Amino acid sequence: MNQSLFFLQTAGLLANLRPERESGEAGLKVSGCGPDDTESLSLPFFHVSARSTPVKMQSQNFMLVDDPLSLDRIRSVLTRLEDTIIFSLIERAQFAHNPRIYQRGVFQELKDMGFQGSWLEWFLKEIETFHAKARRYTRHPLLPPLSFPKILYPNKINVNPSILSFYTRAIVPRITRRATLSLATLKRAKGIIGDDEFEDDGNYGSAATIDVEVVQAISKRVHYGKFVSESKFSTDPAAFIPHIQKRNRQALEDLITKPEVERKLLLRLQKKAATYAQEIGVDTEVPNGDMHVNGKGKIDVDGVVDLYESYIIPLTKEVEVEYLLHRLDGLSEEEIAKLTKQNTCKEP
Ligand SMILES: C=C(O[C@@H]1C=C(C(=O)O)C=C[C@H]1O)C(=O)O
């Protein structure tokens with residue numbers, strides 16, 4: 001059992017996507033009061049650097065790029081996050097489900113410290129507390145605050161409670177199924193039967209450490225929808241403004257939805273997951289990624305595709321629409337009229 005007390009030295013991710021050196025933060029109130037102001041030091045999801053370096057490395061440092069709202073550049077960041085998420089899920093799949101770490105009030109040790117959240121929520125809180133000092137957030141940094149360009153329209157959009165919920169309830173059980181079943185086989189061989197057979201290998205520290213990586217990467221990916229929306233809006237404000245003024249969610253969703261982009265993404269994701277899941281030995285044929293390795297590979301490939309198709313893409317689009325619905329907040333009639341006349345004639 002690896003329950004090291006040294007928390008993961010990950011770089012924090014702040015889902016308000018203030019273009020810091022990393023590019024976003026997300027806060028989640030552990031007390032279950034729902035999403036907190038993402039500026040506040042509650043429970044942001046953290047981001048770890050990508051595990052693989054794509055051929056065309058896109059800078060994620062908004063201080064360095066000359067067109068931070070280029071839709072191609074934004075999409076390349078989303079593409080690279082696919083690698084981070086897949087590799088993190090492969091890491092998590094090594095351990096059993098360990099459902100205890102997602103339940104509140106089951107660790108007496110945490111209750112004795114006055115902490116009412118789950119083991120995972122404790123990890124998120126403690127890591128965030130440390131990273132706040134490392135200037136992952138605007139409050140309580142040891143270093144002087146960074147000054148960075150205002151790219152997004154002010155907003156309080158934070159869907160981390162939904163991310164944490166679907167991740168712990170739907171993704172973890174599926175991704176860890178193989179490790180859980182092989183653990184049960186081992187336990188039965190030792191005469192351990194019934195509820196004690198399943199789900200718990202005691203690796204709470206390792207599992208939670210990886211969970212933090214996964215939810216941070218998913219949070220960044222989903223909240224990047226704000227940049228996507230700002231990019232599409234600034235390209236052709238007139239296309240969006242009437243629907244924003246009429247609060248027409250469906251019309252806005254139809255405008256931001258790009259079926260061909262989604263279709264290609266899911267195909268790419270299946271290839272990546274199938275390739276990354278393969279056990280590569282010295283004599284292994286160069287994997288082409290077309291193999292359907294479910295059942296043999298390191299991860300449930302269909303599970304990864306389902307994560308995007310059923311959760312990540314829909315939630316990203318909800319963030320895009322929500323961002324648009326508040327894009328005119330506080331603007332005068334004149335300012336809106338001026339926006340309506342703007343058009344940068346690029347593909348929205
Ligand atoms: C992110 C975008 O907006 C929408 C959401 C997508 C996603 O979450 O993968 C893909 C295409 C669009 O339907 C985009 O246009 O790139």
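Here the structure is a predicted model, which means the values were calculated and not measured. For ligands, and for the atoms within them, numbers begin at 1 and follow the listed sequence.
- With sequence neighbours excluded, the residues satisfying ring pair (Phe, Tyr, Trp, His ring centres under 6.0 Å) with Y311 are F166.
- For R268, the salt bridge (charged side-chain N to carboxylate O under 4.0 Å, His left out) test picks out E82, with sequence neighbours left out.
- A salt bridge links E262 with K317: the closest approach of a Lys/Arg side-chain nitrogen to an acidic carboxylate oxygen falls below 4.0 angstrom.
- Closer than 4.0 angstrom to ligand 1 sit non-hydrogen atoms from R75, L78, R221, V228, K232, I256, T257, K258, V261, E262, L265, I313, T316, K317, E320.
- Every residue meeting the salt bridge (charged side-chain N to carboxylate O under 4.0 Å, His left out) condition with D306, not counting sequence neighbours, appears here in chain and number order: R174.
- Ring centroids of Y153 and Y323 are separated by 6.0 Å or more, keeping the two rings apart.
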Verify salt bridge (Lys or Arg N to Asp or Glu O under 4.0 Å) between E320 and K226, making sure each step is shown before the conclusion. CA-CA 6 Å; E320 290 187 54; K226 301 180 186 181; over 6 Å; no
